Protein chains: 2
Amino acid sequence: MSELKGAAIFGQSGGPTSVINASAAGVFQEALRQSAITAVYGAAHGIKGVLEEKFYDISKEDPYELELLKTTPSSALGSVRYKLKNAEEDDTDYKRLLEVFKKYNIRYFFYNGGNDSMDTCNKISKFMQNSGYECRVMGVPKTIDNDLWGTDHCPGYGSAAKYIATSIMELYHDAKVYDKGLILVLEIMGRNAGWLTASSALAAHAGFGPDLIYLPEIPFDMNRFIEETMEVYRRQNNVIIAVSEGIKDKDGKYISEYGSDLAKCKDAFGHAQLGGLASTLVNILKEKTGVKVRGIEFSLLQRCAAHLGSLTDVNEAYWAGQMAVKLAVEGKTDYMVAFEREAGPDYKCNIKLVNLTDVANTEKKIPREWINEAGNGLKQEFIDYALPLIQGVSTPPLENGLPRYAKLKKILATK
Amino acid sequence: MSELKGAAIFGQSGGPTSVINASAAGVFQEALRQSAITAVYGAAHGIKGVLEEKFYDISKEDPYELELLKTTPSSALGSVRYKLKNAEEDDTDYKRLLEVFKKYNIRYFFYNGGNDSMDTCNKISKFMQNSGYECRVMGVPKTIDNDLWGTDHCPGYGSAAKYIATSIMELYHDAKVYDKGLILVLEIMGRNAGWLTASSALAAHAGFGPDLIYLPEIPFDMNRFIEETMEVYRRQNNVIIAVSEGIKDKDGKYISEYGSDLAKCKDAFGHAQLGGLASTLVNILKEKTGVKVRGIEFSLLQRCAAHLGSLTDVNEAYWAGQMAVKLAVEGKTDYMVAFEREAGPDYKCNIKLVNLTDVANTEKKIPREWINEAGNGLKQEFIDYALPLIQGVSTPPLENGLPRYAKLKKILATK
């Protein structure tokens, strides 16, 4: 494969994680080292920044700040949720991208994201190919949801899982502190796949975890949920429940939407009140059981807790970014960088490449055989899968007792 | 002062913190070293365990597990909220305590808690004195609320403040990730004093904090709140608001109760829906501004996050427990151990003793002159006060990537 000289651009897309910037560090540091890459750009708010010709010249950044990206949560460049239309229906965006690529001689496009972002990558790659514009396109996986097809796991998942498992172990201690009964309902992210909620089983494995775990993979039955909760309560006077935001009943209706009939209800100010899943379940349990119930939503905290990153995850996120660049320079294109786990007792992952067409818009769920028969807990197979992913601690350097994050200058590339 | 030989008992009371067990470690390790102390007991669920003669023989515990208490969150012995009646009205409990103290020759009583717990300490101390039973009583301060009178600060506060400031710095990055507008409302504990909510100002001081901070010390005006929020929103398209659960309007009504007229509203299941403060404010802002608003409650997470303890706080919590024992053995009684900060540029704290009578049931609030004129932010005086309290990181040892907490045998003292 002949050397392809040109500029590289990198964008971050979709919901951020605590390690998406570690992948950015991998892409940037490697791209700056490669002689084939003539300029390194970071797109503001993903594909939108490319369309709007708003991207930063990464060579102008202080190397120490780029290093700090490894432990800076969220998306330093800004993220976006922007779905490209199919080029056959409307190719306006694609033509504009080609125009920008040509203007800056962009020959390397790296995009960091989940399912939708891989779809974006795939569409751009195919359009550039059809237009006869030589450009190497590589996707870098990212999602706390861990639901990307074709990879053993996704960067971002290990850190979120470590944070969730640790926080639940702490809450376990807090919830058992009085000798009065308490039911604790913990709402965890994951709209269609239960990987993140399942990570609560790691806390249980360590001796301080939830009694019941409800995943979107298993149809949710409210009456059974109440029965199972009360069964545990009668036995131990205390229940901890981990529940995925995405649980649905057998008709496919989200349980979080059960409360939406409330839209007509007004508070003292005349405002409609809408609760989330945790508050819906808390209210139902309170009324059905008469027991003290408390709900906690991990909310955004679970996806940006860089102070308790998994070192394994951070290193792999960096590695995925770095390898995307290396492999593109070597001639690879139209792939997502993925992880393949070696068989054997010790954890070891290798990089492999998967076709963007295959990975785009496919979701990976937890295998049914990793979930217990009752559908309210995880089996050892899941523990064996997830435990290696949360090993080691990554934490930002501190200044005055608080994290010191990357501060980028964000100097726009000259037009 | 002549040596007083006898058993010592220690209890934990009130809402737990991530360092209340560090004080327990200080009490236990010091008491086990003291020859005057003939037995060391840990009361199950505070004063209730004493009344019910349910306490553990600490000498039977593995020393390594006692050491692990330093980094184990919540109350290892179990906590309690139990208010003793005044002895003049009803002395049943006191007589029972005296009976138990005599039976086990308990001559040292250590109690770890906040305002109410110091009141308990005080009442017990006075009753024992009036009964002519020689017993040395020492209070050990504890509260994330930091509202105890007579001490520069309270063990538990520094760790909770560090966790809150760090988490807000992370959320700041997450909240600014899209180029769409967002208002984030963060609800922080503190019913009557705003110390914990004020710790969000440390995040702002580090460059990544809330734009507006509302404390219970300042009467809350809903219209002004909306105006101030929108003013920031118009300027920067993004607002982060830290708000104390205890904010009240000028008539003293909790804002969190504004939503309670909803009690008559039912969801699809016929269950009443009640929201907290964050959801009340989120709903009001949504309707008044039309902007995307998100609420996050730090809930129990903020008081048990031992994975991100302040090392200064953990060490001081231990020290307070240890000194309570040392000073009691030396003859002191009827005091709470407190901290006094030395003047000067470098942080240094000394132990002092304050009378239980003075400290019981008094609350310390944030001085008005530490709050900005508008009443929606903190001044440098607060930063100078709080920053030294969050220095250093305390984290539990890890096993398999997750915390290894103390596992006590909890062998009951033989009756």
Side-chain angles (χ1 to χ4, degrees), chain A residues 16 45 72-75 78-81 162 165-167 169-171 173-175 177-179 202-203 206 208 258-259 261-262 265 267-269 271-275 279-280 283-284 287 294 296-297 299-301 303-308 310 387 390-393 398-403 405, chain B residues 16 45 72-75 78-81 162 165-167 169-171 173-175 177-179 202-203 206 208 258-259 261-262 265 267-269 271-275 279-280 283-284 287 294 296-297 299-301 303-308 310 387 390-393 398-403 405:
Chain A
H45 300 288
T72 300
S74 194
S75 308
S79 190
V80 70
R81 291 192 189 278
K162 188 182 186 83
T166 303
S167 296
M169 289 177 73
E170 293 170 343
L171 290 171
H173 281 77
D174 196 290
V177 79
Y178 299 118
D179 58 354
L202 297 172
F208 307 104
Y258 275 31
D261 294 356
L262 258 184
C265 281
D267 69 7
F269 283 87
H271 308 105
Q273 293 267 338
L274 288 174
S279 72
T280 297
N283 284 309
I284 288 173
E287 191 164 301
R294 188 157 192 160
I296 296 178
E297 248 188 276
S299 189
L300 302 179
L301 292 161
R303 73 178 191 191
C304 59
H307 72 270
L308 186 63
S310 151
L387 209 49
I390 66 161
Q391 298 304 309
V393 181
L398 297 186
E399 241 178 46
N400 248 329
L402 291 173
Y405 296 131
Chain B
H45 299 288
T72 300
S74 194
S75 308
S79 190
V80 71
R81 293 192 188 277
K162 188 183 185 85
T166 304
S167 297
M169 289 177 73
E170 292 170 343
L171 289 170
H173 281 77
D174 196 290
V177 79
Y178 299 118
D179 58 354
L202 297 173
F208 307 105
Y258 276 31
D261 294 356
L262 259 184
C265 281
D267 68 7
F269 283 86
H271 309 106
Q273 292 268 337
L274 289 173
S279 72
T280 297
N283 284 309
I284 289 172
E287 191 163 301
R294 187 157 194 161
I296 297 178
E297 248 189 276
S299 190
L300 303 179
L301 292 161
R303 73 179 191 190
C304 58
H307 73 271
L308 186 63
S310 151
L387 209 48
I390 66 161
Q391 299 304 308
V393 181
L398 298 187
E399 240 178 46
N400 247 330
L402 291 172
Y405 296 131

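Here the structure is a predicted model, which is why all the values come from computation and not from measurement.
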### Chi angles and distances behind the side chain to side chain contact (heavy atoms under 4.5 Å, CB included) call for B:Lys162, A:Leu398
CA-CA 12 Å; B:Lys162 188 183 185 85; A:Leu398 297 186; 4.2 Å; yes
### Task
Compare all side-chain heavy atoms of B:Ser299 with those of A:Arg294 and state whether any distance is below 4.5 angstrom.
yes
### Task
Quick one: sort the B:Tyr405 and A:His173 rings into parallel, tilted or perpendicular, breaks at 30° and 60°.
perpendicular
### Query
Between CG of B:Leu300 and CG of A:Asp174, what distance do you get to the nearest 0.5 Å?
4.5 Å
### Query
If you look at every heavy atom in B:Ala306 and A:Glu170, which pair is closest and at what distance?
N-OE2, 3.1 Å
### Message
In the structure I gave you, are the side-chain heavy atoms of B:Ile296 and A:Leu301 within less than 4.5 Å of one another anywhere?
### Response
yes
### A:His45 ring center within less than 6.0 Å of B:Tyr178 ring center
no
### Query
Which one, B:Val393, B:Leu402, B:Ile390, leads in non-hydrogen pairs under 4.5 Å with chain A?
B:Leu402
#### Entry: A:Ser310, part contacting chain B, at a heavy-atom distance under 4.5 Å
neither
### Summary
Greatest number of non-hydrogen atom pairs under 4.5 angstrom with chain B, of A:Ser79, A:Ser167, A:Ser75, falls to A:Ser79
#### Entry: Atom pair CG (A:Asn400) and CG (B:Leu202), whose distance is rounded to the nearest 0.5 Å
9.5 Å
### Close side-chain approach of B:Met169 to A:His307, heavy-atom, < 4.5 Å
no
### Summary
Here the gap from B:Leu308 atom CG to A:Thr166 atom OG1, rounded to the nearest 0.5 Å, amounts to 11.5 Å
